[in-house]
Colleague: 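Have a look at this one.
Below, each value reflects all heavy atoms present in this structure, side chains not excepted, and no hydrogens, waters or symmetry copies. None of these values were measured; they are calculated from a predicted model.
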Amino acid sequence: MSSNPVAETVASLMPRAKAELTELVAFPSVADFDQFPRSGSEAAAAWIVDALRAEGFQDLAVLDTPDGTQSVYGHLPGPEGARTVLLYAHYDVQPPLDDAAWTTPPFELTERDGRWYGRGSADCKGGVIMHLLALRALKANGGVPVHVKVIVEGSEEQGTGGLERYAEAHPELLAADAVVIGDAGNFRVGLPTVTSTLRGMTMLRVSVDTLAGNLHSGQFGGAAPDALGALIRVLDSLRAEDGSTTVDGLTDDARWDGLQYDEEQFRQDAKVLDGVELIGSGTVADRIWARPAVTVLGIDCPPVVGATPSVQASARALISLRVPPGQDAAEATKLLQAHLEAHIPWGARVSTEQIGQGQPFSADTTSPAYAAMSDAMAVAYHGQEMQYAGQGGSIPLCNTLAALYPNAEILLIGLSEPEAQIHAVDESVSPEELERLSVAEALFLRNYAGS
C-alpha cells in the first residue's frame with residue numbers, strides 16, 4: 001500500500017482479517033430473539049472476547065445490558081500517563097430480509113468482484129475487525145501509545161438502548177479522552193470521511209380500531225368505518241405532495257452547509273428506478289442529513305393472498321421518524337403522537353406506543369482529535385483531504401457518551417459507504433476500505449497520543 005510500516009503491516013494482515021470476518025459473519029447475531037436464536041448473538045460475543053483476549057486485553061467482560069442483550073468490554077493498558085481512547089463497534093446485525101434474494105448466503109462471507117459479501121460485513125462486524133487490525137499494526141511497530149478501551153454492542157440495530165442504560169449506570173466504565181465510533185462510513189469508496197452529525201430517531205407503533213370485529217364488505221361496506229383505510233389516511237397525512245415530511249409543529253427547512261450529495265449520484269446509490277422522482281425539497285444533503293424524515297416501516301393487515309371480502313376492524317403500523325441535529329427526539333415524539341391523534345379520520349380510535357428513541361448528534365470538529373484523524377487519513381489515503389459529512393442514521397450511544405463525558409472528543413468513521421448497501425440485500429464491504437481505514441485508525445492513535 002505504501003512504504004509506511006503501519007500500512008505494510010496492515011496489508012500483510014488482510015488474509016487473516018478476511019478469515020476472521022468470515023467467522024464473525026457466520027454468526028446470525030440478530031438481536032430480535034423472537035425471530036433469531038439468542039445463541040447466535042451469544043456466540044458472536046464469545047468470539048469477540050476470545051479475539052480481545054488474544055490481543056492482551058484485560059478486564060474482559062460480557063455485559064448483560066438491561067434490554068436482555070450482551071455487550072463486550074475490554075481494556076488494553078498503555079504507557080503510564082497516556083490518554084485513553086474508546087473504540088466502539090457492534091456485532092448485532094439487521095435481519096437478512098429475504099435469504100433467497102441474496103446472490104450468496106447472507107451469513108457466509110463471499111468474495112465477488114473485489115468485495116466481500118455478507119450480513120454485517122460492513123455494518124458493523126467489519127468495524128470490529130478494523131479495530132483489531134489497527135491495534136495489531138501498532139503492536140508490530142513500536143506498541144500501542146494510548147490506553148485503549150473497546151466496547152462492542154449487541155443491540156445497536158434494535159434501538160432498544162441497553163448499552164446506553166448500562167453506561168449511565170456505570171459511568172466510569174467507558175470514560176475516555178477520545179471515542180472512535182467505527183459504525184459510520186466514507187461518503188464514497190476512496191474518499192476519507194468523518195461523520196460530523198447524526199440524525200436521531202423515534203419509532204412508534206400506531207394502532208387503529210373502528211369496529212368490534214371484521215364485517216362482510218358487501219353487507220356493511222360503505223358505511224362501516226374501515227380501520228385499514230383510516231390508518232392509510234393518517235399515514236398519508238405525514239407527507240406533503242412532494243413527499244416532504246409534514247408533522248405538525250416539526251421544522252422541515254434546515255440547510256446542510258457541508259459536503260454536498262449530487263442528485264444523480266444519489267439516484268444511482270439509492271438505485272431509484274428510471275422515471276421515479278426523489279421526494280422532498282432542497283438539496284439531497286438537506287433532505288438526508290439536516291431535515292426530519294418519516295418512514296412507514298411495516299403495516300399489520302391481511303396479506304393479499306388469502307384476503308377475504310371484509311371491512312377491517314383493526315390495523316397497525318410501525319413508523320420511524322429521523323430527527324436532525326437541533327431538534328429534540330423526545331419533543332419530536334410528542335409532536336408525532338399529537339399529529340396522528342389530530343389527523344385520524346372518522347373518529348377512529350388511535351393509540352401509539354413508543355418502541356425506541358435516540359437523540360441526534362453533532363460533533364465538535366475543531367478538537368485536537370479531529371486534527372489527528374485528518375493527518376492520519378491524509379497518509380492512509382495518499383494525500384486526500386478528510387471530508388465532513390452527515391449521516392441520516394442514528395447511533396444513540398453517541399449522545400449518551402457525550403452527556404457522560406462532555407470533554408471527550410467523539411469521531412465517527414467506518415465501512416458503510418454507499419456501495420456497502422447496509423441493511424439491504426447483498427450487503428458488502430470493500431477490503432480496500434477496511435485496509436485504509438485500519439491504517440488511518442492506527443495512525444490516529446499514534447498522532448493523538450503525541451498531540
Colleague: Any donor-acceptor pair under 3.5 Å linking the side-chain atoms of Glu409 with those of Tyr370?
Modeller: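 No, because no side-chain N or O of Tyr370 sits under 3.5 Å from a partner of the opposite role on Glu409.
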
Colleague: Between His147 and Leu76, is there a donor-acceptor pair closer than 3.5 Å when you use the side chain of the first and the backbone of the second?
Modeller: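 No: the side chain of His147 does not pair with the backbone of Leu76.
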
Colleague: Is a side-chain N or O of Ser438 found less than 3.5 angstrom from the main chain of Ala134, in a donor-acceptor match?
Modeller: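 Between the backbone of Ala134 and the side chain of Ser438 there is no qualifying donor-acceptor contact (under 3.5 Å).
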
Colleague: Starting at NE2 of His423, measure out to CG of Leu97 and round the result to the nearest 0.5 Å.
Modeller: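 His423 atom NE2 to Leu97 atom CG measures 10.0 Å (nearest 0.5 Å).
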
Colleague: If you look at every heavy atom in Pro192 and Met377, which pair is closest and at what distance?
Modeller: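 It is CB-SD, 3.2 Å.
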
Colleague: Is the backbone of Leu445 close enough, under 3.5 Å, to the side chain of Arg83 for a donor and an acceptor to pair up by distance?
Modeller: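 No, the answer is negative, given that no donor and acceptor are paired below the 3.5 Å cut-off.
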
Colleague: What's the shortest heavy-atom distance between Phe57 and Gly74, and which atoms?
Modeller: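 Closest heavy-atom pair between Phe57 and Gly74: CD2-C, 3.5 Å.
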
Colleague: Would a distance-only check, ignoring hydrogens and angles, find a side-chain to backbone donor-acceptor pair under 3.5 Å from Arg53 to Ile48?
Modeller: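 No, Arg53 side chain to Ile48 backbone: no donor-acceptor pair under 3.5 Å.
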
Colleague: Going from CG on Asp375 to CZ on Arg446, what distance comes out if it is rounded to the nearest 0.5 angstrom?
Modeller: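 Spacing of CG (Asp375) from CZ (Arg446) equals 13.5 Å.
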
Colleague: Closer than 3.5 angstrom, by distance alone: can the side chain of Arg322 be matched with the main-chain N or O of Thr295 as a donor-acceptor pair?
Modeller: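 Between the backbone of Thr295 and the side chain of Arg322 there is no qualifying donor-acceptor contact (under 3.5 Å).
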
Colleague: Taking NZ, NE, NH1 and NH2 as the nitrogens, is one of them in Glu417 or Arg436 under 4.0 Å from a carboxylate oxygen of the other?
Modeller: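 Salt bridge absent between Glu417 and Arg436.
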
Colleague: Counting only N and O atoms by type, is there a donor-acceptor contact under 3.5 Å from the side chain of Glu433 to the main-chain atoms of Leu415?
Modeller: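 Here the side-chain-to-backbone pair does not exist.
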
Colleague: Does the side chain of Ile181 reach to within under 4.5 Å of the side chain of Ile395, using non-hydrogen atoms?
Modeller: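 Yes - at least one pair of side-chain heavy atoms lies under 4.5 Å apart.
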
Colleague: Before giving the answer on side-chain contact (heavy atoms from CB on, under 4.5 Å), spell out for Leu336 and Leu238 the whole-Å C-alpha distance, their side-chain angles and the decisive distance to 0.1 Å.
Modeller: CA-CA 9 Å; Leu336 178 57; Leu238 295 171; 3.8 Å; yes

Colleague: Find the distance between NE2 (His339) and CG (Leu204) and round it off to the nearest 0.5 Å.
Modeller: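 Taking NE2 in His339 and CG in Leu204, the distance rounds to 12.0 Å.
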
Colleague: Hydrogens and angles aside, do Asp426 and Thr103 bring a side-chain donor and acceptor to less than 3.5 Å of each other?
Modeller: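 There is such a pair (donor and acceptor under 3.5 Å, judged by atom type) between the side chains of Asp426 and Thr103.
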
Colleague: State, yes or no, whether a side-chain contact exists between Leu437 and Tyr381 at a heavy-atom distance under 4.5 Å.
Modeller: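 They are in side-chain contact.
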
Colleague: Looking only at heavy atoms, which two atoms of Ser155 and Gly162 are closest? And how far apart?
Modeller: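 So the minimum-distance heavy-atom pair works out to OG-N, 4.4 Å.
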
Colleague: Would Gln391 and Ser416 satisfy side-chain contact (heavy atoms from CB on, under 4.5 Å), going step by step from the backbone distance to the final call?
Modeller: CA-CA 10 Å; Gln391 182 171 298; Ser416 299; 5.8 Å; no

Colleague: Check whether the side chains of Glu432 and Ser430 place a donor and an acceptor atom closer than 3.5 Å, and report yes or no.
Modeller: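 A donor-acceptor contact under 3.5 Å links the two side chains.
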
Colleague: Measure the OG1-CG distance between Thr400 and Leu174 for me, rounded to the nearest 0.5 Å.
Modeller: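 Interatomic distance, Thr400 OG1 to Leu174 CG, rounded to 0.5 Å: 10.0 Å.
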
Colleague: Please say which of Arg119, Glu427, Glu157 ends up in a side chain to side chain donor-acceptor pair (under 3.5 Å) with Gln94.
Modeller: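 Between Gln94 and the candidates, side chain to side chain donor-acceptor pair (under 3.5 Å) is satisfied uniquely by Glu157.
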
Colleague: Between Thr193 and Leu191 (side chain of the first, backbone of the second, donor and acceptor by atom type, cut-off under 3.5 Å), is there such a pair?
Modeller: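 At least one qualifying donor-acceptor pair exists.
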
Colleague: Taking 4.0 angstrom as the limit, do Arg188 and Asp269 come out as a salt bridge?
Modeller: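 Yes, charged N to carboxylate O under 4.0 Å.
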
Colleague: Measuring from atom CD of Gln70 to atom OH of Tyr91, what distance do you get when rounded to the nearest 0.5 angstrom?
Modeller: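 Nearest 0.5 Å value for the CD-OH distance: 5.5 Å.
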
Colleague: Could you tell me whether the side chain of Ile410 reaches within less than 4.5 Å of the side chain of Phe361, counting heavy atoms only?
Modeller: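 Counting from C-beta outward, Phe361 and Ile410 do come under 4.5 Å.
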
Colleague: Hey, are the side chains of Phe36 and Ser41 touching, using non-hydrogen atoms and a 4.5 Å cut-off?
Modeller: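 A side-chain contact is absent here, since even the closest heavy-atom pair is not under 4.5 Å.
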
Colleague: Without swapping roles, check the side chain of Gln354 against the backbone of Thr202 for a donor-acceptor pair under 3.5 Å.
Modeller: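 The answer is no, because no donor-acceptor pair under 3.5 Å joins these two groups.
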
Colleague: If we only count heavy atoms from C-beta on, is the Arg291 to Thr245 side-chain gap below 4.5 Å?
Modeller: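 Result no, sub-4.5 Å side-chain heavy-atom pair not found.
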
Colleague: Donor-acceptor pair, Lys125 side chain versus Phe27 backbone, under 3.5 Å?
Modeller: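 A pair under 3.5 Å: yes.
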
Colleague: Do the ring planes of Trp289 and Tyr261 sit parallel (below 30°), tilted (30 to 60°) or perpendicular (above 60°)?
Modeller: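 Rings of Trp289 and Tyr261: tilted, as their planes differ by 30° to 60°.
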
Colleague: Determine, stepwise, if the pair Asp123 / His90 fulfils side-chain contact (heavy atoms from CB on, under 4.5 Å).
Modeller: CA-CA 8 Å; Asp123 182 25; His90 64 85; 3.1 Å; yes

Colleague: Taking all heavy atoms of Ala389 and all of Leu259, pick out the closest pair and write down the distance.
Modeller: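 Nearest pair, atom of Ala389 first, then Leu259: CB-CD2, 4.2 Å.
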
Colleague: To the nearest 0.5 Å, tell me how far Leu335 CG sits from Leu321 CG.
Modeller: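 The distance works out to 9.0 Å.
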
Colleague: Any non-hydrogen side-chain atom of Leu132 less than 4.5 Å from a side-chain atom of Leu52?
Modeller: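 Leu132 vs Leu52: side chains touch.
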
Colleague: Any side-chain donor paired with an acceptor under 3.5 Å for Asp67 and Gln158?
Modeller: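 Judged by distance alone, the side chains do not pair up.
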
Colleague: Quick one: closest heavy-atom pair of Arg136 and Thr9, and the distance?
Modeller: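 What the structure gives for the nearest pair is O-CG2, 4.5 Å.
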
Colleague: Does any N or O in the side chain of Lys149 come within less than 3.5 Å of the main-chain N or O of Val179, such that one atom is a donor and the other an acceptor?
Modeller: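 Between the backbone of Val179 and the side chain of Lys149 there is no qualifying donor-acceptor contact (under 3.5 Å).
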
Colleague: Taking CD in Gln58 as the centre, count heavy atoms belonging to other residues, nucleotides or ligands within less than 6.0 Å. Is the count above 12?
Modeller: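 Yes, because the 6.0 Å sphere around CD of Gln58 holds more than 12 heavy atoms from other groups.
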
Colleague: Could you walk me through whether His170 and Leu63 pass side-chain contact (heavy atoms from CB on, under 4.5 Å), step by step?
Modeller: CA-CA 11 Å; His170 304 83; Leu63 312 176; over 6 Å; no

Colleague: Is it the case that more than 12 heavy atoms not belonging to Glu172 sit under 6.0 Å from its CD atom?
Modeller: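 Yes.
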
Colleague: Measuring only between side-chain heavy atoms, which start at C-beta, is Arg165 closer than 4.5 Å to Thr65?
Modeller: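 In short, these two side chains do not touch, never coming nearer than 4.5 Å.
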
Colleague: Does any non-hydrogen side-chain atom of Thr69 lie less than 4.5 Å from one of Asp92?
Modeller: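 SC-SC contact between Asp92 and Thr69 ruled out.
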
Colleague: Could you walk me through whether Asp177 and Tyr448 pass the side chain to side chain donor-acceptor pair (under 3.5 Å) check?
Modeller: CA-CA 10 Å; Asp177 298 294; Tyr448 187 64; 5.2 Å; no

Colleague: Tell me the closest heavy-atom pair linking Met130 and Gly182, and the distance in Å.
Modeller: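 Scanning both residues completely, I find the closest heavy atoms to be CE-CA, 3.9 Å.
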
